[in-house]
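Here the structure is laid out as structure tokens; the discussion comes afterwards.
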Amino acid sequence: MTQYWLMKSEPDEVSVDDALAAPKSTVPWTGVRNYQARNFMRDQMRVGDGVLFYHSSCAEPGIVGIAQVASTPYPDPTQFDRKSPYYDPASRQEEPRWSLVDVQVVKKTRNLTLPELRTTPGLEDLVVLRKGNRLSITPVEPRHWRQITKLLGA
DNA sequence: GCCAACGTTGGC
DNA sequence: GCCAACGTTGGC
């Protein structure tokens with residue numbers, strides 16, 4: 001069964017435009033160093049799952065595109081790269097600690113901004129809007145997915 | 001830059 | 001296993 005997710009990216013690192021410009025509009029979701037977010041990618045995501053591409057830590061945070069999970073999970077190569085900010089000296093090749101999936105942008109949309117999300121009736125309990133939420137990957141309920149994709153005309 | 005909220009680390 | 005200290009996230 002198809003599931004739905006919201007995935008945060010800092011546009012300074014990988015924006016929706018960067019992803020669109022990549023081969024097959026697909027980017028590896030590198031740099032996740034939170035176990036809960038990793039577990040979503042490693043244990044629950046399936047190819048074809050729907051993804052809301054979200055820009056965070058920027059002037060106008062919000063949902064900026066529709067994407068999909070485009071690979072099964074595999075080890076995040078940046079954990080073994082000494083020059084990467086995501087290098088993890090505690091992770092071993094035989095037993096990688098961090099996994100990721102590839103994400104393919106299906107459609108760039110307008111920016112459905114955080115203030116707009118917060119004030120849209122029906123989205124009050126979207127996981128990413130919950131107080132104190134910091135998770136970079138959160139599940140999205142089917143009804144939220146339907147409402148948001150409709151709002152975006154996607 | 002500030003700071004609330006949360007996650008991780010490490011001493012005990 | 002507890003919990004204080006510290007680090008990170010991310011909106012503002």
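Numbered from 1 within each chain, the chains take letters A, B, ... in sequence-line order. All heavy atoms count here, side chains included; hydrogens, waters and symmetry mates do not.
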- For A:E124, what residues pass the side-chain hydrogen bond (donor to acceptor under 3.5 Å, both in side chains) criterion, not counting sequence neighbours?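 Here no residue qualifies.
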
- Query: Between A:K8 and A:V128, what is the shortest heavy-atom contact and its length?
  - Reply: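 That closest heavy-atom pairing would be CE-CG2, 3.6 Å.
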
- Lys/Arg-Asp/Glu bridge criterion (N-O < 4.0 Å) met for A:D17, A:K108: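 Yes, charged N to carboxylate O under 4.0 Å.
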
- Message: I'd like to know if A:R33 and A:D88 make a salt bridge, using a cut-off of under 4.0 Å between side-chain N and carboxylate O.
- Response: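 No, no charged N to carboxylate O under 4.0 Å.
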
- Task: Please state how far atom CG in A:L135 lies from atom P in B:dA5, giving the value in whole angstrom units.
- Result: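 So the two atoms are 16 Å apart, to the nearest Å.
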
- Distance in angstrom units between A:N111 CG and C:dG11 C1', rounded: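 Nearest whole value for this atom pair: 14 Å.
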
- Query: Closer than 4.0 Å, any side-chain N/O of A:K131 to the OP1 or OP2 of B:dA5?
  - Reply: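 Yes.
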
- Message: Checking one residue: A:V16. Which other hydrophobic residues are in its cluster under the side-chain 4.5 Å linking rule?
- Response: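 A:W5, A:M7, A:V14, A:L20, A:V27, A:W29, A:V32, A:F40, A:M41, A:M45, A:V51, A:F53, A:V64, A:V69, A:Y74, A:L100, A:V101, A:V103, A:V105, A:L135, A:I137, all in the cluster of A:V16.
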
Protein-nucleic acid N or O pairs under 3.5 Å, nucleotides 7-10 of chain B:
unit_1 : atom_1 : unit_2 : atom_2 : d
B:dG7  : O4'    : A:R134 : NH2    : 3.0

